[in-house]
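Below: one structure, written as structure tokens.
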Amino acid sequence: MSPLEIEALLLSVQVALTAIGVSLPLAIFVAWLLARKTFPGKSVLDGIVHLPLILPPVVVGYVLLVTLGRNGTIGRWLFETFDITLAFTWKGAAVAAAVMAFPLMVRAIRLSLEAVDVGLEDAARTLGASPVRVFATVTLPLASPGVLSGAVLGFARALGEFGATITFVSNIPGETRTLPIALYTLTQIPGGEDGAFRLVLISIGVAFAALLVSEIMARRLKVRLGT
Amino acid sequence: MSPLEIEALLLSVQVALTAIGVSLPLAIFVAWLLARKTFPGKSVLDGIVHLPLILPPVVVGYVLLVTLGRNGTIGRWLFETFDITLAFTWKGAAVAAAVMAFPLMVRAIRLSLEAVDVGLEDAARTLGASPVRVFATVTLPLASPGVLSGAVLGFARALGEFGATITFVSNIPGETRTLPIALYTLTQIPGGEDGAFRLVLISIGVAFAALLVSEIMARRLKVRLGT
Amino acid sequence: MSDVQSSALTDAPPVLDVDIRVQRGDAFTLHAKFTTDGGLTALFGRSGAGKTSIIDCLAGLIKPDHGHIRINGESLFDSSHGIHKAPEKRRVGYVFQDARLFPHLRVRANLIYGMRLLAESQRRHTLDEVADMLGIEKLLDRHPAALSGGETQRVAIGRALLASPNLLLMDEPLASLDNDRKAEIMPFIERLRDQSGVPIVFVSHALEEVVRLADDMVVLADGQTIAVGDVEDIMSRLDLRPHTGRFEAGAVIHVWVAGHDPLHMLTELGFGAGSIWVPKLEFDRGTPLRLRIRARDVSLALQRPTQSATLNTFEGNIVDIEHVAPDVSPHVDVLVNIGAPVIARITRRALEQLGLKSGMKVFVSVKTSAIDRHSLGLGRRRAG
Amino acid sequence: MSDVQSSALTDAPPVLDVDIRVQRGDAFTLHAKFTTDGGLTALFGRSGAGKTSIIDCLAGLIKPDHGHIRINGESLFDSSHGIHKAPEKRRVGYVFQDARLFPHLRVRANLIYGMRLLAESQRRHTLDEVADMLGIEKLLDRHPAALSGGETQRVAIGRALLASPNLLLMDEPLASLDNDRKAEIMPFIERLRDQSGVPIVFVSHALEEVVRLADDMVVLADGQTIAVGDVEDIMSRLDLRPHTGRFEAGAVIHVWVAGHDPLHMLTELGFGAGSIWVPKLEFDRGTPLRLRIRARDVSLALQRPTQSATLNTFEGNIVDIEHVAPDVSPHVDVLVNIGAPVIARITRRALEQLGLKSGMKVFVSVKTSAIDRHSLGLGRRRAG
Amino acid sequence: TMLPDRALHAAEPVTIFAAASTQQAVDAVIGACPEKAGVTCRGVYAASSTLARQIKNGAPADIFISANLIWMDYLTESGAIVPNSRQVIAHNQLVAIAPRARAPKIDSVATLLDWLAADRVALGDPAHVPAGIYAAEALTSMQAWDRLQGRVLALPNVRAALAVVARGEAFAGIVYATDAQVSDDVIVVYKILDSYHAPIVYPMGQVAGPHTPGTEDVVALFKGLVGQHAFRDAGFQVSK
Ligand SMILES: Nc1ncnc2c1ncn2[C@@H]1O[C@H](COP(=O)(O)OP(=O)(O)OP(=O)(O)O)[C@@H](O)[C@H]1O
Ligand SMILES: Nc1ncnc2c1ncn2[C@@H]1O[C@H](COP(=O)(O)OP(=O)(O)OP(=O)(O)O)[C@@H](O)[C@H]1O
Ligand SMILES: [Mg+2]
Ligand SMILES: [Mg+2]
């Protein structure tokens, strides 16, 4: 692999891992809200979660730019309060990837949470566990295959994220030029096919590695879940 | 809504519904293979299923164009054998949407299949049901929340699909100009912002409607599943 | 045990005071109303009578539509005050009918799930002690999926016990256990009942379990509370026979340990006007006990039997004669007062042959071997 | 029932021929070896003995490591020939210990799940008939989640029956049912056993169920087949007492219906050298039956009791005297031949007082009311 | 590439595959098609690269209008364009833009470069977006590329660059004059002379192989006055 390819690869993995690592807890929380609670505006929340899926990624990227850019309300606040700049940085790329992966994670986790037997949660409560503890010690472990599945799905999506990323954080070598962006760039010039093909292979390699790891984890989980 | 907007809306819904309708059975089959069978090449299959997620949509669209286009091997065969043309037709848009949505569907369905109690399948077999019948009458119904969830996720993804679609079937008014592509088109002309914004609203509207329908179906399912 | 009315006469509130209504589905309405003064209360009734529903209400897993549930006067639920305490705040130990072990935790982690949440000082049992008692030491590192039906149930019992609850709910905990295992676990439940002071509500189909273990009994049918009271009272009420079971009819009498015959491994139990010999019991002299004598184990004769292997023969007077079920049974139940009431079940043919009438003097024989450990319960505190 | 060796003497292969080894987890090895000639075979053993594992092997849900399973000579499993028939090809009806109703189907659809897969001509029961027998007519439109524990179990039984299986496997089907319900369902199982010709393998902890229902009995302990044989043989084998249970000891004798006394609702049962009166039975004269007489229900005396309400008194000779468990029990079991062997359980004190010795003449009394429906089984075909 | 079935679809409109940046002008010509050429036309807009690849893979295009020479050359070399049908139909110009609220006064290349160096500069991606390639070329000619490269925001297309400046995420950008027209939030602060870069041209060519009847008439329409007016109205420069 050329240094540029390695750079793009490492950046991609960093961005995707950050994206999933940061958004997973929120995804679990939102999935739990959707799976177990009824509250006004629930379907609005559900809709908002799905928006990044429905809107063309470029639109999502544009919305991110408008809100999280340095002139966006949130972006300005982040910058002034925490000195954090998202637009045109790899952190922004992670945010874009996280946003795009979010609905996928929420769906998978929600599905698993809904499948957890409420009877077991009841049993835990009669044993003195508070709802939070029940969630942490019973619900979440039992839903962990779904959490893992959602994380894998999200990771893959984050790895492949292109439209929102390039719109929000541009294509800055070493900062935001992830694998898909490098790949896209290559497809835009005649004769770029060979280089593009190499990047496709690298992407596939990463994906297979990630899937392999996740399958091993899933098997361990199964053993731990005793099924 | 203007006639053009209505056209794009109807086309998008048609494309997304076709994409999900056609690919769902295959997704169920692949999910079942991955959830319940061990065979050589299983992880390769798993990887291939995830590819559309990891590669930039433009690359996926390009691969589709090369293989399913009129000059592609499969495309030519389809044309000569079944008189089916995919490239630059709405059917091709459906294929692109289906391919992009496929990994999402498989993941959700697989998750639900894995959660089905094998003891119930055993019970059905002792009652004389063949494995196929067990699948159709026990496994699949019990996994139906996951199938629905996967279908919703896939539908949303199909609705929002842009990169692979425009690369594979281009941007042909009335034929392949779905909502996201119409949106893109509008952003390319002066004063298109208002129109683009309207299209974003329409997209959101469709998505909310789809989610609403799916939630109602999910609730009915829950009642039917007696939980 | 008493009605709500009568408990109002005493100063202290009843230990458990339940008066609830719940609608389940379209077809089933539950109305449960009983109080207990602690000890072990058995819920008894046919399949579908509403036993599990009551337990679920006590545990806080079902919210009743109306009424109240109070423990020592403290409301767990009170519809008129909008009180509905969360299950985890109630400190009930619940042995579920369907076990509900946590599939992702090994047996050990299942067992200590509730215990770990308690301060050291609040723990009344140790893991080893309970595991030993239930015979599950070897299973500690297994996952629940690798347990047999009975093993699963034993772990479920252990888990609830280790949570050191203030109210123990057991929903047919012994149904899937073999007799030997039951015989091992029952004394433990008795000890819990007598020594821990923890009130226990117990669902069982098996009358011998109820008689052996329960102080009070709530008889349910179709969601209605048919009868509430001392086990002795309920078991000797002839009108409840359709509910308590025809064949297993019998009387329960209060006795105390009067002496031991170590050579023959017998124990003498005293009652109103005599004593009865039973297989040796490990109780001190004076210990109050409850003894259930099944009607079918009692024989009657007009003359004192001689040279018979039956040790327990009493003289008494016939108080009442009741046809068990004239159309289907050849039996009559004869209530005889021998200083305590016992019921003898004999055939009508024998009744006619001996010409038995109310008030007649008869000799009553009870075989020592017909009295087993299942027939004995420790008398409750207030009876002692 | 016979050993594999002896069954080789007859021409027809045994109805069920099981010889399997399975390893489960690290700790548990099952070795089951028995044959039956049809009828109902009870698997009896403590929790964790391996009963469910055997049933799972018969159903094809667990593949044994070694051995064979044959029905009427046809192999369902044979490791030496690589045969392992799929569960759905075996036509076994399996009532699972944990019910396993399909949660997404209403009770009705659960019940007819297997039946619908059969040609009309192969169906041996109708939905209405089975629903009526099990008392679940009102539940047909419910989902399994809205059933009580006992209701669930009844539906599971119905589902297996309606599949009209060629081998019925029942894993503690009656454990969660109340006595009345059991009493209603047992005759149905008896009819199945006697009239359908379908071999049944039945797991139960309750000895009275086993005695009443089973022809043969397989006693298991720790995965080993301890004993196999006629229920009568097993129950009278003193060496098996630790497994079959001490308290419930008794003898099973073959009897036939000798006559009826409709006025007193009694039936006379004939045996070797006399007759015994029991509550009225709806069987024709001559019908062979098995009668279990519990040792604890039998009294002994040296003189014939007079003016006693006990109808059944027999003269006999003491064959053997056996101390039940010298260290812990005050009892001895006295085997008396009254034309058939009966066992009387008396105290050692009584033994000494009466000076009983082998060969002595004694009078044996059995109370009619101590004999209940649970004690009676229809004699098996070959015994008739 | 031969498309044997093309002639079968006689009733189909003449299809023009045009770079997205020419959409406004091409739409105007298409509006005139029925009257002036006696046929209906339709426009298909996407990135030149996308369209070129599609044409190469048998897209139902009759006419291709590219935003640069490279993709037109690519198609010509692969035989997908009738070589002698090619003609440049429009030119464009690079302009420097600023958010309307922060527009500086710039009157020389030197002030331009100082201003560009002060903040981030939004460009089309010089790796592949034509506008970005031209911009990089111009800055190189001004001997400022090395200095500015690190401040460049390379965006996937010109419209994205425009949006970034319009939102104030970058205070400077270099886009086409035609794009600058699109947004009210930006203002052109400097027009970059053609002499700093290769000419910005929009070549048109007729797709080889069987084509929709009337295609030649439409080609003529683009080359003629109707086309010139349409492109000029959209801000392009039209040569002759
Ligand atoms: N969720 C529900 N919806 C409707 N009816 C229900 C529901 N749960 C239970 N029932 C009905 O309520 C009645 C009482 O159920 P419950 O489980 O309390 O019975 P039970 O006395 O515990 O019976 P068993 O001994 O069989 O366990 C039954 O008739 C049952 O069918
Ligand atoms: N999957 C498994 N892995 C390891 N051990 C197992 C597994 N399943 C069962 N066992 C063990 O095998 C033994 C026999 O189990 P089985 O279920 O056959 O017992 P059982 O006789 O039916 O008991 P019960 O009366 O309690 O239902 C038990 O000791 C159990 O712990
Ligand atoms: Mg219950
Ligand atoms: Mg079992």
Side-chain angles (χ1 to χ4, degrees), chain A residues 42-44 46-60 62-63 103-104 107-108 110-112 114-118 145-146 149-150 152-153 155-157 159-163 179-181 183-184 187-188 193 196 199-200 203-204 206-208 210-212 214-215 218 222 227, chain B residues 42-44 46-60 62-63 103-104 107-108 110-112 114-118 145-146 149-150 152-153 155-163 167 179-181 183-184 187 196 199-200 203-204 206-208 210-212 214-215 218 222 227:
Chain A
K42 176 170 168 173
S43 49
V44 174
D46 196 21
I48 290 171
V49 166
H50 282 81
L51 274 190
L53 213 57
I54 290 134
L55 296 177
V58 175
V59 173
V60 177
Y62 183 72
V63 173
L104 312 188
R107 268 277 158 189
R110 176 179 175 183
L111 199 55
S112 278
E114 280 173 344
V116 172
D117 181 1
V118 184
S149 186
V152 170
L153 203 57
F155 182 75
R157 180 72 182 85
L159 264 190
E161 169 41 37
F162 164 71
L179 275 178
I181 291 181
L183 190 45
Y184 172 79
T187 64
Q188 296 303 305
E193 287 84 357
L199 286 182
V200 166
S203 302
I204 293 176
V206 182
F208 271 74
L211 284 174
L212 218 71
S214 82
E215 288 297 325
K222 266 194 192 161
T227 50
Chain B
K42 176 169 169 176
S43 50
V44 174
D46 197 20
I48 291 173
V49 165
H50 282 82
L51 274 190
L53 213 57
I54 290 135
L55 297 176
V58 173
V59 173
V60 176
Y62 184 64
V63 171
L104 313 187
R107 267 277 158 189
R110 175 179 174 182
L111 199 55
S112 278
E114 280 172 344
V116 171
D117 180 1
V118 184
S149 186
V152 170
L153 204 55
F155 182 77
R157 181 70 184 85
L159 265 190
E161 169 38 40
F162 167 72
T167 310
L179 278 176
I181 294 182
L183 189 48
Y184 164 79
T187 61
L199 284 184
V200 167
S203 299
I204 293 175
V206 180
F208 272 73
L211 284 174
L212 219 72
S214 82
E215 288 298 326
K222 267 195 193 161
T227 49

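Order of the sequence lines sets the chain letters (A, B, ...), proteins ahead of strands, with each chain counted from 1.
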If you measure from CZ on A/Arg157 to CZ on B/Arg107, what distance do you get to the nearest 0.5 Å?
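A/Arg157 CZ to B/Arg107 CZ: 15.0 Å, rounded to 0.5 Å.
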Atom pair CD (A/Glu161) and CG (A/Leu179), whose distance is rounded to the nearest 0.5 Å:
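Separation between the atoms: 13.0 Å.
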Heavy-atom pairs under 4.5 Å with chain A are the metric here; pick the option from B/Val200, B/Leu159, B/Leu211 that has the most.
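Going by pairs under 4.5 Å, I would pick B/Leu211.
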Out of B/Val118, B/Leu199, B/Asp46, return the one with the most heavy atom pairs under 4.5 angstrom to chain A.
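Maximum pair count with chain A is reached by B/Asp46.
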Kindly list each side-chain donor-acceptor pair under 3.5 angstrom involving residues 53-60 of chain A, sequence neighbours excluded, with atom names and distances?
none

Taking side chain as everything from C-beta outward and backbone as N, CA, C, O, which of these in [X] sits under 4.5 Å from a heavy atom of chain A? Side chain, backbone, both or neither.
X	result
B/Leu153	both
B/Ser214	side chain
B/Val63	neither
B/Tyr62	side chain

Set out, in order, the CA-CA distance, both residues' side-chain angles and the distance that settles side chain to side chain contact (heavy atoms under 4.5 Å, CB included) for A/Leu212 and B/Ser43, then state yes or no.
CA-CA 7 Å; A/Leu212 218 71; B/Ser43 50; 4.2 Å; yes
Could you pull out the closest heavy-atom pair between B/Ala108 and A/Leu111, with the gap in Å?
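Shortest heavy-atom separation between B/Ala108 and A/Leu111 comes out as O-CD2, 3.4 Å.
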With a 4.5 angstrom heavy-atom cut-off, is it the side chain or the backbone of [X] that approaches chain B, or both, or neither?
X	result
A/Val152	side chain
A/Ile204	both
A/Leu51	side chain

Any donor-acceptor N/O pair, B/Glu114 side chain to B/Val116 backbone, under 3.5 Å
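Side chain of B/Glu114 to backbone of B/Val116: no pair is present.
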With no hydrogens and no angle check, is any side-chain donor or acceptor of B/Ser149 less than 3.5 Å from a backbone partner on B/Pro145?
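Judged by distance alone, no pair lies under 3.5 Å.
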Look at A/Ala156, A/Pro180, A/Gly163 and state which one has the largest set of heavy-atom pairs under 4.5 Å with chain B.
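Most pairs with chain B among the choices: A/Ala156.
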Let's test your reading of the structure: which of A/Ala210, A/Gly146, A/Gly47 forms the most heavy-atom pairs below 4.5 Å with chain B?
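Of the options given, most contacts go to A/Gly47.
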For A/Ala218, check side-chain contact (heavy atoms from CB on, under 4.5 Å) against everything at least two apart and list the hits.
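A/Ala218 satisfies side-chain contact (heavy atoms from CB on, under 4.5 Å) with A/Leu148 only.
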